[in-house]
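What you see is a predicted model; the values in this text were computed from it and never measured.
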Amino acid sequence: MKTLNNHMILFDAECPMCRVYTNAFVKTGMLDKDGRTAYQSENATACPVYDRQRAVNEIALINLENGEVTYGVKSLFKIIANNWPVFAPLFAFKPFVWLMSKVYAFISYNRRVIIPAAETGFEYQPTFKLHYRLLYLLFTWFGTGFILTAYAHLLVGMVPLGNPYREYMICGGQILFQGAAICSFDRRNLWTYLGNMMTISFAGSLLLLMGLLVSHFVQLNTLVYTLYFMAVAGLMFLEHIRRTKLLGLGWVLTVTWVTYRIILLVLILKLN
């Protein structure tokens, strides 16, 4: 790898994703061994040349020789293009930069609900943007619904097959049900909780893709797919407990989360 020397990338120490990929830049030699530091550190806060709040929202890359600062996806493009110049024309193509900046923002502004931070004590925190959170909820809602609709065919015989929109309505209903539940006692954490909850749902649906993949090559008994579905649901339950504990939301939302699923299961079995 060709090292981008005399540059410092400022990452979010409270963000597990940020720690992983910036560390990968150093480990692979794309940045030198001292080429990353947390913006929460004293070294970063002592540097006057960058916009601190913007650096929290969009990862900052500082040229230590001339003080030039790039932010967000342009920081990543600069590091990648230094190693693979063939991508430089693409990274200079404005429509592509615009598109990828939106993808980057979508992830960055939702990163704390994709992988929650164990501690959030730093003075500067990511700016909350409602439209990106709503977009994230829609993305995870339809992604989860799509996968569950496909997986439902593997459960026929154990669980009745519903109409093509059943799983989408269940996922949407969950957002409304849990949204009403948290609004009853902690409206301030509404969007943070819903983002975390839908991350759990989407992650669970991604695990179900393994079952769908297996079904294309091996015909297994319906009971096997049902047990796998239950195992994934169990992992989701444990993750829900972990995340609500991190958010300081107690047990109420886990109880309502389970209650919603039990009610739906009973209705599906009774009405079909």
Side-chain angles (χ1 to χ4, degrees), residues 99 102-103 106-107 109-111 113-116 130-182 190-244 253-272:
L99 176 63
K102 297 302 179 184
V103 173
F106 174 76
I107 297 172
Y109 286 112
N110 288 298
R111 67 183 189 268
V113 299
I114 296 173
I115 303 179
L130 181 59
H131 63 284
Y132 279 117
R133 186 58 46 83
L134 290 173
L135 185 61
Y136 182 74
L137 294 180
L138 287 171
F139 173 78
T140 51
W141 172 10
F142 285 100
T144 301
F146 180 80
I147 295 172
L148 286 176
T149 298
Y151 197 87
H153 290 82
L154 302 180
L155 303 179
V156 174
M158 300 293 289
V159 179
L161 186 65
N163 67 63
Y165 306 106
R166 184 182 73 184
E167 305 304 330
Y168 295 97
M169 290 188 290
I170 290 174
C171 291
Q174 178 189 44
I175 295 174
L176 296 176
F177 189 85
Q178 291 297 99
I182 190 171
L190 170 65
W191 299 112
T192 300
Y193 169 72
L194 290 179
N196 275 278
M197 182 194 72
M198 288 309 296
T199 297
I200 296 170
S201 295
F202 187 59
S205 69
L206 293 178
L207 288 176
L208 294 180
L209 285 176
M210 295 176 60
L212 287 169
L213 181 63
V214 169
S215 70
H216 282 288
F217 300 99
V218 181
Q219 295 299 317
L220 299 175
N221 189 281
T222 302
L223 179 61
V224 175
Y225 295 114
T226 304
L227 291 174
Y228 180 65
F229 182 88
M230 292 173 65
V232 170
L235 292 175
M236 292 168 61
F237 173 69
L238 294 175
E239 180 63 8
H240 191 277
I241 293 173
R242 187 184 76 87
R243 290 188 181 228
T244 50
L253 292 170
T254 298
V255 172
T256 57
W257 187 82
V258 172
T259 300
Y260 178 79
R261 281 161 172 71
I262 293 175
I263 292 173
L264 281 176
L265 179 60
V266 171
L267 289 175
I268 289 171
L269 295 175
K270 288 286 186 181
L271 298 178
N272 290 276

Checklist entry - Under a 4.5 Å cut-off applied to non-hydrogen side-chain atoms, are Leu209 and Leu213 in contact? => result no
Next on the checklist: Quick check: closest heavy atoms across Thr254 and Phe237, and the distance to 0.1 Å?
Outcome noted: CG2-CE1, 3.5 Å
Checklist entry - Quick check, are the ring centers of Tyr136 and Tyr109 under 6.0 angstrom apart? => result no
Item to check | Min side-chain heavy-atom separation Met169-Asn163 under 4.5 Å | outcome: yes
Checklist outcome for this item: Value for CG (Asn196) from CD1 (Ile115), rounded to nearest 0.5 Å, stands at 11.0 Å
Next on the checklist: The test is side-chain contact (heavy atoms from CB on, under 4.5 Å); show your working for Thr222 and Val156 and say whether it passes.
Outcome noted: CA-CA 7 Å; Thr222 302; Val156 174; over 6 Å; no
Checklist entry - Less than 4.5 Å apart, any side-chain heavy atom of Tyr168 and any of Thr144? => result no
Checklist entry - About how many Å separate CE of Met230 and CG of Leu223, when rounded to the nearest 0.5 Å? => result 9.0 Å
Checklist entry - How about Leu155 and Leu161: do any of their side-chain heavy atoms sit closer than 4.5 Å? => result no
Checklist entry - To the nearest 0.5 Å, how far apart are OH in Tyr260 and CD1 in Ile175? => result 9.0 Å
Checklist entry - What's the spacing between Arg133 CZ and Asn110 CG if we round to 0.5 Å? => result 4.5 Å
Next on the checklist: For a quick test of reading the model, state the closest non-hydrogen atom pair linking Ile268 to Ile170 and the distance between them.
Outcome noted: CD1-CD1, 4.1 Å
Item to check | Side-chain heavy-atom pair Tyr151, Phe146 within 4.5 angstrom cut-off | outcome: no
Checklist entry - How about Tyr193 and His240: are their ring centres within less than 6.0 Å of each other? => result yes
Checklist entry - Between Val214 and Leu220, is a side-chain contact (heavy atoms from CB on, under 4.5 Å) present by the stated rule, with each step listed? => result CA-CA 9 Å; Val214 169; Leu220 299 175; 3.9 Å; yes
Checklist entry - Hey, does Tyr228 have a side-chain heavy atom less than 4.5 Å from the side chain of Leu207? => result yes
Next on the checklist: Checking the side chain of Gln178 only, and the main-chain atoms of Leu253 only, is there a donor and an acceptor separated by less than 3.5 Å?
Outcome noted: yes
Item to check | Full working for side-chain contact (heavy atoms from CB on, under 4.5 Å) between Leu194 and Trp191 | outcome: CA-CA 5 Å; Leu194 290 179; Trp191 299 112; 4.2 Å; yes
Checklist entry - Looking at Gly145 and Cys171, what are the two nearest heavy atoms and their distance? => result N-SG, 4.1 Å
Item to check | Distance (rounded to the nearest 0.5 Å) between Arg261 CZ and Phe177 CZ | outcome: 10.5 Å
Item to check | Met210 atom CE, neighbour heavy-atom count above 12 within 6.0 Å | outcome: no
Checklist entry - Which heavy-atom pair separates Thr226 from Met158 by the least distance, and what is that distance? => result OG1-CG, 3.3 Å
Item to check | Side-chain touch Gln174/Met198, heavy atoms, less than 4.5 angstrom | outcome: yes
Item to check | Donor-acceptor contact present, side-chain Arg242 to main-chain Leu238, <3.5 Å | outcome: no
Item to check | Donor-acceptor contact below 3.5 Å, side chain Arg243 vs main chain Val113 | outcome: yes
Checklist entry - Can you tell if the side chain of Ser215 reaches within under 4.5 Å of the side chain of His153, non-hydrogen atoms only? => result no
Checklist entry - Just how far is it from atom CD1 of Ile200 to atom CG of Leu235, taken to the nearest 0.5 Å? => result 11.5 Å
Next on the checklist: I need the minimum non-hydrogen distance between Arg166 and Pro160, along with the two atoms involved.
Outcome noted: NH1-O, 2.8 Å
